[in-house]
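Indexing begins at 1, ligand by ligand and atom by atom, following the structure's order.
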Amino acid sequence: MPTSSFTSASSAVPCPVVESLDAILPEEPLLMMGAGPVPIPAAVAKANTIVINHLGGTMVKVIGQVKTMARYVFQTNSKWVLGVAGPGSAAMEMAISNLAWEGTRVLSIKNGFFSERMAEMGRRVGARVSTLDVVDRSVASLEEIAEAIRRERPEIVTVVQGETSNTVWNYHLKEIAALAKAAGALVIVDAVCTLSTMPLEMDAWGIDAVITGGQKGLSSIPGVSLIAFSDAAWERVKKRTAPNAHWCLDATLAENFWHNAGYHYTAPVSGVLALHEALRLVCAETLEKRFARHLRCSLALQDGVAAMGLRLYTPEACRLNSVVGIEVPDGFSPADVCSHISRMHQVEISGSFGLPIVRVGQMGEQCREHNLFRTVHALGRTMVDLGVKVDLPAGVAALERGLSGGK
Ligand SMILES: *Cc1c(COP(=O)(O)O)cnc(C)c1O
């Protein structure tokens with residue numbers, strides 16, 4: 001009979017028996033010291049528990065403050081700041097898919113995994129993407145970049161400020177943007193890992209689109225991201241004739257929510273509230289102090305790791321401070337190190353897409369002294385446990401010297 005067919009049909013999917021989160025999650029949360037997501041402050045966690053009307057007056061006020069604070073963090077006076085429901089990659093795709101289309105000439109400065117992702121997104125929207133392939137652990141010279149711009153005559157140049165994958169810092173960002181601008185190209189910068197950890201001046205450096213995620217430098221939750229377009233970039237978005245094939249990422253539709261208090265899609269309200277709190281904490285600290293904290297903590301960590309006897313992956317000249325790459329000793333894989341330190345010391349660190357390194361993040365809440373001592377200790381003990389000869393006391397002493405400003 002029809003009424004009983006639901007429970008008796010042989011093809012029905014049976015109701016599963018699963019464990020509760022309490023049974024799955026560790027009793028004590030692991031310390032998240034990898035390449036993201038990173039620990040979140042209590043105010044961010046609290047905001048993330050709240051659900052409000054996505055179109056009400058409270059939300060309008062929250063959105064207004066998020067944009068104001070984001071302008072400070074991006075260092076831009078541009079009106080065109082928007083949030084994105086999605087990972088940093090969704091913000092990246094929002095930048096690419098709104099500014100590039102069939103036949104657009106894109107030059108991607110390719111330093112590693114994430115810069116290649118921008119190039120791939122360009123290809124997928126039909127752009128004519130050329131890449132300037134940079135040798136691992138180095139940055140392209142300005143001469144090489146100028147030459148590539150002359151050769152390719154790009155309408156858009158993409159570059160990553162901090163290439164999290166191989167821990168390379170593109171320290172020439174300002175000069176690269178100037179070269180692109182002089183050639184009439186718009187510049188898209190991936191600042192997912194670096195924003196609020198080191199200087200980035202969108203307006204002063206002439207950058208046309210900056211993207212970031214929540215879960216790295218900003219120390220918010222993953223899944224809500226930010227993007228800023230310059231006036232020139234916004235004009236290009238508005239003037240395009242074929243609409244963006246990505247409906248959710250269409251900036252002209254997102255404008256409706258982020259600027260006109262209207263509906264595009266239901267915003268991730270809790271995540272936006274969390275982002276609000278993360279940005280508010282950045283503003284309370286000020287960028288100057290935040291950059292100084294990141295620099296001091298990261299350099300002290302690097303000193304500690306080196307003094308212990310481990311090798312840093314990237315040469316000092318282009319070493320990223322926001323994520324530190326550490327060579328894994330011969331005979332071990334990154335997974336050996338990551339799983340041991342997690343299981344035995346409750347500290348999470350990252351491997352890196354096939355490279356022989358582990359990565360320790362220095363983004364947002366990761367740059368706190370107690371987290372550094374625990375991480376350096378856990379890393380050193382992991383090496384000892386695995387039978388690798390390291391001098392852990394020397395590492396801890398160097399960390400302390402670095403943090404206290406002594407030598
Ligand atoms: C993490 C990261 C991304 C990707 O961010 P998701 O949130 O994982 O999509 C892109 N670029 C850089 C530089 C990153 O560090």
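- Remark: minimum distance from atom 9 (O) of ligand 1 to any protein heavy atom is reached at S89 OG, 2.5 Å.
- The atoms of ligand 1 that sit less than 4.0 Å from any heavy atom of Q215 are 6 (P), 7 (O), 8 (O).
- A distance-only check finds no donor-acceptor pair linking the side chain of S342 to the backbone of C338 [under 3.5 Å].
- Against a heavy-atom cut-off of under 4.0 Å, P87 is close to the following atoms of ligand 1: 6 (P), 7 (O), 9 (O).
- Within the listing of ligand 1, atoms 13 (C) sit less than 4.0 angstrom from a heavy atom of G162.
- Counting heavy atoms of neighbouring residues, nucleotides and ligands inside a 6.0 Å radius, atom NZ of K238 exceeds 12 of them.
- Applying the 4.0 Å criterion to heavy atoms of K216 picks out, from ligand 1, the atoms 1 (C), 2 (C), 3 (C), 14 (C), 15 (O).
- Looking at T167, its side chain never comes within 3.5 Å of a backbone N or O of V323 through a donor-acceptor pair.
- Residue A90 places no N or O, backbone or side chain, under 3.5 Å from any N or O of ligand 1.
- A side chain to side chain contact (heavy atoms under 4.5 Å, CB included) with L218 is found for one member of V192, L275, V44, L281 and no other, namely L275.
- Every atom of ligand 1 with a heavy atom of C193 under 4.0 Å away is listed here by number and element: 15 (O).
- The environment of CG in N53 is crowded: more than 12 heavy-atom neighbours from other residues, nucleotides or ligands sit within 6.0 Å.
- Counted within 6.0 Å of CZ on R105, heavy atoms from surrounding residues, nucleotides or ligands total more than 12; the atom is thus considered enclosed.
- A donor-acceptor pair shorter than 3.5 Å cannot be found between the side chains of D385 and T382.
- Residue, atom and distance of the protein heavy atom nearest to atom 6 (P) of ligand 1 are G88 N, 3.5 Å.
- Residue R368 places its CZ atom among more than 12 non-hydrogen atoms of other residues, nucleotides or ligands, all under 6.0 Å distant.
- Considering only non-hydrogen protein atoms, atom 11 (N) of ligand 1 sits nearest to D190 OD2, 2.5 Å.
- Residues E163 and S115 bring a donor and an acceptor atom of their side chains to less than 3.5 Å of each other.
- Residue contacts with ligand 1 for V160 involve side-chain atoms from C-beta outward but no N, CA, C or O (heavy atoms, distance under 4.0 Å).
- Between E163 and ligand 1, no N or O atom pair is found at a separation short of 3.5 Å.
- Contact annotation for Q161 and ligand 1: no heavy atom of the residue comes within less than 4.0 Å of the ligand.
- The ligand atoms of ligand 1 that sit less than 4.0 angstrom from a heavy atom of T164 are 12 (C), 13 (C), 14 (C), 15 (O).
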